[in-house]
Amino acid sequence: MGSFARKEHQFLAELGLAPRNPGSFACGAWGGSGPVVTSTNPTNNQARLPPHDPLGSRRSIWFGPPWHFWGVIAEVVEASAREYEEGMRACYDAAKTWMAIPAPKRGEIVRQIGDALRAKLHHLGRLVSLEMGKILPEGIGEVQEIIDMCDYAVGLSRQLNGSIIPSERPNHMMMEVGMLAALPCGNCVVWKGAPTTPLITIAMTKIVASVLERNNLPGSIFTAFCGGADIGQAISLDTRIPLVSFTGSTKVGLMVQQQVNARFGKCLLELSGNNAIIVMDDADIQLAVRSVLFAAVGTAGQRCTTCRRLLLHESIYRTFLDQLVEVYKQVRIGDPLENEGVHVFHNRKLFQGGA
C-alpha cells in the first residue's frame with residue numbers, strides 16, 4: 001500500500017504506523033473521530049498515480065484507497081472536540097498521581113523514555129526526513145536532541161533546587177524551582193504536533209505510552225492530539241493548562257499569547273526567524289561558505305536558526321558569492337531517503353507563497 005509497500009519505507013511499520021492511524025491518544029487509549037487528513041511526502045507532495053499506471057496519465061482507472069498515490073505516506077484520523085475534552089479531564093486527574101511520585105522516580109521514567117527513543121533513533125530520524133523533507137543526518141539529529149534532553153531531565157530530577165516555603169494550608173507547600181523540565185517536575189504533558197507532520201506525533205507518542213504502560217502508570221500523563229487550529233485554540237483557552245509552549249509562525253504565536261494571557265496563563269514562544277550571518281573581511285571564507293550552506297540548506301529552512309540573510313563586507317562580497325554559488329551547485333534536490341537530496345519547501349502552500 002503506497003509508502004508501506006516500498007522496501008525503503010518498511011521502517012514505518014516498525015514504528016507502529018499503518019496506512020490509516022488514529023490521531024488521538026487520550027485517556028490512555030488511541031482513538032479519533034475527527035477529520036481524516038493525509039501525511040504527504042514533501043518531495044512529491046501531490047497525489048499522483050504510481051509508476052505502473054498502464055496509461056501513464058490520469059485517464060487510467062485506479063482501483064484502490066488514496067494512500068496508493070505515492071505522494072501520500074499515510075492517513076490520520078484527527079481528534080474531535082469531544083475527544084479533546086475527555087482527554088483533558090483524564091490528564092487533569094492523572095496529574096494527581098504523577099505529582100505524588102518522588103522526583104527521582106519520575107526521572108527514572110524519563111530515563112526509560114530516552115532509552116526507548118534511542119532504540120528507535122534511526123527509524124524516527126528517517127520518519128522526520130520523509131515527512132518533513134530534511135536531510136537524513138538532520139532528521140536523526142532532531143531525534144537525538146530529544147534523547148539528550150531526556151538525559152538532561154534525568155539529572156534535573158535530583159536537582160530541583162530552590163526554597164521551600166511553609167504554607168498554612170494542609171498538604172501544601174510553595175517551592176522556588178530554578179530550572180524546569182515538565183515531566184520530572186511532576187507536570188503532565190498535552191502535546192499537539194504540527195498538522196502537516198502527524199505521523200511523527202503518533203510515533204513519538206506510541207513510544208512514550210509504551211514506557212508508561214510498562215511501569216503501570218496512567219497513559220493520560222502524556223496526552224497527544226493530532227488536529228488543526230481548533231485543537232490549538234482549545235489548548236490556548238483551557239484554564240487547566242497553566243503553561244503553553246508554542247513553536248511556529250509569529251502570526252499564530254501572537255494569537256496564542258493573547259489567548260493565554262487573557263486567562264492569566266503563561267506561555268513560551270519560539271517564533272519564526274529572520275536570521276543573518278555576518279561575514280567580515282578577515283573571515284575564513286571557505287569555512288563561512290560551508291556554514292552558510294548548512295545553515296540555509298541543511299535544515300531545509302525548518303529551524304528557527306535557519307539562515308535567511310547574508311551581511312557581507314564589501315571587500316569580500318564578490319569572492320564570497322562566487323564560492324557560495326559553486327557549493328550550491330552541489331546540492332541535490334529530491335527525496336533525502338532515496339538520493340541524499342534535500343527538499344527546501346515543506347509543503348506546496350509555502351512554495352506557492354514564496355516563503
Side-chain angles (χ1 to χ4, degrees), residues 3 12 15-40 65-67 72-95 97-98 113 124 127-128 130-132 146 182-183 187-213 217-249 252-253 255-256 259-260 263 265 267-268 346-347 349:
S3 286
L12 295 172
L15 293 172
L17 298 172
R20 174 173 285 206
N21 303 273
S24 170
F25 185 71
C27 308
W30 286 98
S33 59
V36 177
V37 297
T38 56
S39 175
T40 306
W67 54 73
V72 175
I73 306 170
E75 293 181 327
V76 172
V77 186
E78 293 184 330
S80 65
R82 174 183 58 80
E83 287 158 338
Y84 172 83
E85 181 55 33
E86 291 175 353
M88 281 305 307
R89 285 200 297 265
C91 184
Y92 194 74
D93 291 338
T97 300
W98 183 240
I113 292 173
L124 289 168
L127 177 57
V128 171
L130 176 64
E131 200 171 32
M132 295 178 67
I146 302 173
L183 286 173
N187 300 291
C188 288
V189 174
V190 179
W191 183 27
K192 176 198 172 297
T196 54
T197 55
L199 298 182
I200 296 171
T201 301
I202 294 171
M204 289 284 297
T205 302
K206 283 181 177 289
I207 292 174
V208 176
S210 68
V211 172
L212 294 175
E213 182 179 10
L217 289 168
S220 296
I221 290 172
F222 192 95
T223 299
F225 301 109
C226 294
D230 55 336
I231 299 296
Q233 186 175 49
I235 291 174
S236 296
L237 297 174
D238 200 327
T239 56
R240 293 168 295 192
I241 304 177
L243 174 65
V244 175
S245 176
F246 172 79
T247 301
S249 70
V252 177
M255 295 169 57
V256 170
Q259 291 174 345
V260 174
R263 59 177 176 85
C267 56
L268 296 174
H346 175 50
N347 57 52
K349 181 179 179 182

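Sequential numbering from 1 along the given sequence is applied to the chain's residues.
- Annotation for Arg82 and Ser33: closest pair NH2-OG, 3.4 Å, computed over non-hydrogen atoms.
- When each of Val37, Val77, Thr201, Asn21 is checked for a side chain to side chain contact (heavy atoms under 4.5 Å, CB included) with Cys226, only Thr201 meets the rule.
- Proximity of a side-chain donor or acceptor of Gln259 to a complementary backbone N or O of Leu237 within less than 3.5 Å is not detected.
- Of all the heavy atoms in Ser80 and Ile231, the pair that sits closest is O-CD1, 4.3 Å.
- Contact detail for Ala224 and Thr205: the closest heavy-atom pair is CB-OG1, 3.3 Å.
- Remark: the backbone N or O of Leu183 is paired with a side-chain donor or acceptor of Trp98 at under 3.5 angstrom.
- No donor-acceptor pair under 3.5 Å is formed between the side chain of Thr97 and the backbone N or O of Asp93.
- In this structure, Phe25 and Trp30 have tilted ring planes: the angle between them lies in the 30° to 60° band.
- Here Thr38 contributes atom OG1 and Leu199 contributes atom CG; the two are 10.0 Å apart, rounded to the nearest 0.5 Å.
- Residues Tyr84 and Asp238 bring a donor and an acceptor atom of their side chains to less than 3.5 Å of each other.
- At a threshold of 4.0 Å, the pair Lys206-Glu213 does not count as salt-bridged, since none of the basic side-chain nitrogens sits closer than that to a carboxylate oxygen.
- Side-chain contact, Glu131 with Thr197: no donor N or O sits under 3.5 Å from an acceptor N or O.
- Judged purely by atom type and a 3.5 angstrom limit, Arg263 uses its side chain to pair as donor or acceptor with the backbone of Ser236.
- What you find for Cys91 and Ser220 is that their closest heavy atoms are SG-O, 3.4 Å.
- A donor-acceptor contact shorter than 3.5 Å is absent between the side chain of Glu86 and the backbone of Ala26.
- Put simply, CG on Leu130 and CD1 on Ile200 are 8.5 Å apart, with the number rounded to the nearest 0.5 Å.
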For a side chain to side chain contact (heavy atoms under 4.5 Å, CB included) check, start with the C-alpha distance between Leu17 and Leu127, then their side-chain angles and the critical distance, and finish with the verdict. CA-CA 11 Å; Leu17 298 172; Leu127 177 57; 4.0 Å; yes
